[in-house]
Amino acid sequence: MIHVTLKNGEVREYESGITAMEVARGLGAGLYKSACVCRVDGAVRDLRTPLTADCRLEILTFDDPEGKHAFWHTASHVMAQAVKRLYPEVKLTIGPAIENGFYYDFDTPEPFTPETLEKIEAEMKKIVKEALPLERFELPADEAVALMEEKKEPYKVELIGEHASKGEAISFYRQGEFDELCAGPHIPDTGRVKAFKLTSCTGAYWHGDANNKMLQRVYGIAFPKASQLEEYLTRLEEAKKRDHRKLGKELELFTIMEEGPGFPFFLPNGMILKNTLIDYWREVHTRAGYQEISTPMMLNRSLWERSGHWDHYKENMYTTVIDDTDFAIKPMNCPGGILVYKTQMHSYRDLPLRMGELGLVHRHELSGALHGLMRVRCFTQDDAHIFMTPDQIKDEIVGVVRLIDEVYSLFGFKYHVELSTMPEDHMGALEDWETATNALKAALEEIGKEYVINEGDGAFYGPKIDFHLEDSLGRTWQCGTIQLDFQLPERFELEYTGADGQKHRPVMIHRVVFGSIERFIGILTEHFAGAFPLWLAPVQVKVIPVSEKYNDYAEGVLRELRDAGLRAQLDERPEKMGFKIREAQLKKIPYMLIVGEKERESGTVSVRARDKGDEGAIPVREFCDRALEQIRTRSL
């Protein structure tokens, strides 16, 4: 007999060898039907896993991140099986679960079309109806290779070769006639993938390398219930309406041109939005004790070698040669900030030293990864670096977390926090990493912030705290980050004089709030559906005369608005008033001021708000005061 401790702390006794699925069935029909995978002593496993010793067991459903991941991973296997049934000549590569659904990359003789996806969906429905069990099995590497060669799957053979050197047994999952190379875990059978939709098909290079063959990447989404799929597809349609690329064009914010793929051009309206965000950034950082600096966009190779970027990040950097010396355009601002620190000697009395920089950085992204403002090749990073003594670490991290919370709350964002730990490719001693990671944990716990651990996803020079925003559609975006760094101060031999008169090494924090100002603008555009709050709106007020004979009065109103500091425009075109109002609504302008005979005689304007409609006639000065108060308080 074994003792199994359940999620609620209850301990139950079972025969050794009972599976997690059988335990779930005994706990209730509802849990059994919704179960996806299980967690045994902290490790996520298939529900068919036999329990042979005392353990802690948690049954995970689609509502759990691990359950959702396994569900979507199984859906990708269903899609791959359907493709092989329909098109046996297609070669399989990889098909992971991702943040929102799954994809699979196929090597196909001909590109997939929308009609192809419809056929694949129809075949997937048959596979789901068959309710095929997913059964895990392992083979030695040579037998695994033989199996995949027999099935004529060269990409799978290549993947096995990447693992065979480790001497590991190779794991597969079988569903009916379909064998898939996979580590798992998976849900019990295909019949649980009740509702799904293949959403798009794009090109993708094998291993993300442009020198390799272009594959067909098919994306999909799946849910246990049809109602969940319908709700998701409705959100997807709303997201299309809010697409910042579409709105960016309609609202004349930015454009991407073929002369500079991944390098955005900001138009006048977009520059107003960008500069307004920067003005706010400067305001909150000045109040928080930051000094602003600016460092060169290009620095020589020896600096990037010393910082570690040349060894760990070179594939993402743009390089050139000047006077027979290698240079790189900066992908990050931190080495430049370090050089500023080194321009003078520092005492412990100078610390913490907080230096902020709105630095334009460049990073090479694959063309297939570029996406409007969300993924670009150059962007403005609202960076800051804090140099401090070891005993100041916790207070400084707490201060940064509070600053980030203030900024995100202003825009109405919810967010969650992840703590990312040491990656495989890292610099520095393990004890430094442990000290840094514990300092981040202590700061989060002191201010009561809940967080999840993201193992192995830290920067190469230190662990980090990441802030994931949730927008109005429930999507999450990683923006703010706090990275604690013991490595670069050591590499650059940074010093300060302590109270004991001796030289000491400072500790460094790297942090951003917006992350990338360009990306943050993309997020804001979709969050507000282009209807920015008054303080952010590029055009805040549109003055609309009822007819041309009121243009003179309208021009006087325009002058008064602009003298008050409002961003106002006048629509003097010889068009009907209704047409002008509709156009202003489409441009998402917060206020329209209608002026005609009655308004001219009374010295008023008729106010029409974007979200509330007609608000009646008021004096121009009263409107200005009301609008300026909204701007002052940055009201949403």
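This is a predicted model, so every value here is computed, not measured.
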Please check this pair: side chain of [X] against backbone of [Y], looking for a donor-acceptor N/O pair closer than 3.5 Å.
X    : Y    : value
D64  : G67  : no
N212 : W206 : yes
D189 : G191 : yes
R363 : V376 : no
N269 : L251 : yes
S76  : P96  : no
D382 : V512 : no
S171 : C182 : yes
E158 : I160 : no

Quick test of your reading of the model: are [X] and [Y] salt-bridged, counting only N-O distances below 4.0 Å?
X    : Y    : value
K449 : D405 : yes
D466 : K464 : yes
K587 : E250 : no
K91  : E89  : no
R475 : E470 : no

Could you grab the distance from atom [atom1] of [X] to atom [atom2] of [Y], nearest 0.5 Å is fine?
X    : Y    : atom1 : atom2 : answer
E135 : R174 : CD    : CZ    : 8.0 Å
I589 : F532 : CD1   : CZ    : 12.5 Å
F112 : L117 : CZ    : CG    : 7.5 Å
Y280 : L410 : OH    : CG    : 4.5 Å
H77  : D179 : NE2   : CG    : 11.0 Å
D457 : T421 : CG    : OG1   : 8.0 Å

Does some side-chain heavy atom of [Y] sit less than 4.5 Å from a side-chain heavy atom of [X]?
X    : Y    : answer
F178 : I127 : no
Y155 : L92  : no
L536 : F411 : yes
R217 : Y103 : yes
C36  : L60  : no
F413 : I523 : yes
L159 : I94  : yes
V11  : V4   : no

The residue among Q175, Q81, K156 that forms side chain to side chain donor-acceptor pair (under 3.5 Å) with E180 is K156
Between R192 and Y32, is NZ or CZ placed under 6.0 angstrom from the six-membered ring centre and within 45° of the ring axis?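 Judged by the rule, R192 and Y32 form a cation-pi pair.
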Counterpart residues, salt bridge (Lys or Arg N to Asp or Glu O under 4.0 Å), relative to K84 (two or more places apart):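 Residues passing salt bridge (Lys or Arg N to Asp or Glu O under 4.0 Å) with K84: E153.
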Residues at least two apart in sequence or cross-chain that pass salt bridge (Lys or Arg N to Asp or Glu O under 4.0 Å) with E237, listed by chain then number, are K240
Looking at [X], I'd like to know if its [atom1] atom is crowded, meaning that more than 12 non-hydrogen atoms belonging to other residues, nucleotides or ligands lie closer than 6.0 Å.
X    : atom1 : result
K119 : NZ    : no
E10  : CD    : yes
E450 : CD    : no
K246 : NZ    : yes

Given the rule in the ring pair (Phe, Tyr, Trp, His ring centres under 6.0 Å) test, do Y104 and F106 qualify, once you have shown the distances and angles that lead to the verdict? CA-CA 6 Å; Y104 208 107; F106 302 99; 4.8 Å; yes
What verdict does the salt bridge (Lys or Arg N to Asp or Glu O under 4.0 Å) test give for R56 and D41, after you've listed the backbone C-alpha separation in whole Å, the side-chain angles of each residue and the deciding distance to 0.1 Å? CA-CA 5 Å; R56 298 187 66 87; D41 289 335; over 6 Å; no
F223 and F62: ring pair (Phe, Tyr, Trp, His ring centres under 6.0 Å), yes or no, with the steps? CA-CA 8 Å; F223 294 93; F62 188 81; 5.7 Å; yes
Evaluation steps, salt bridge (Lys or Arg N to Asp or Glu O under 4.0 Å), between E526 and R242: CA-CA 5 Å; E526 298 192 0; R242 293 168 176 257; over 6 Å; no
Output all residues satisfying side-chain contact (heavy atoms from CB on, under 4.5 Å) with H371, sequence neighbours left out; order by chain, then residue number.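 Scan of H371 (side-chain contact (heavy atoms from CB on, under 4.5 Å), adjacent residues dropped) gives H244, R245, M374, R375.
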Report the residues that fulfil side-chain contact (heavy atoms from CB on, under 4.5 Å) with S516, sequence neighbours left out, ordered by chain and then residue number. F379, E518, R519
Going by the rule side chain to side chain donor-acceptor pair (under 3.5 Å), which residues pair with T74 if we only count those two or more places apart in sequence or in a different chain? H186
Side chains of residues 226-235: which donor-acceptor pairs under 3.5 Å do they make with residues two or more places apart or in other chains?
unit_1 : atom_1 : unit_2 : atom_2 : d
Q228   : OE1    : K225   : N      : 3.0
T234   : OG1    : E230   : O      : 2.9

Of T5, V23, L27, the residue whose pairing with R12 passes side-chain contact (heavy atoms from CB on, under 4.5 Å): L27
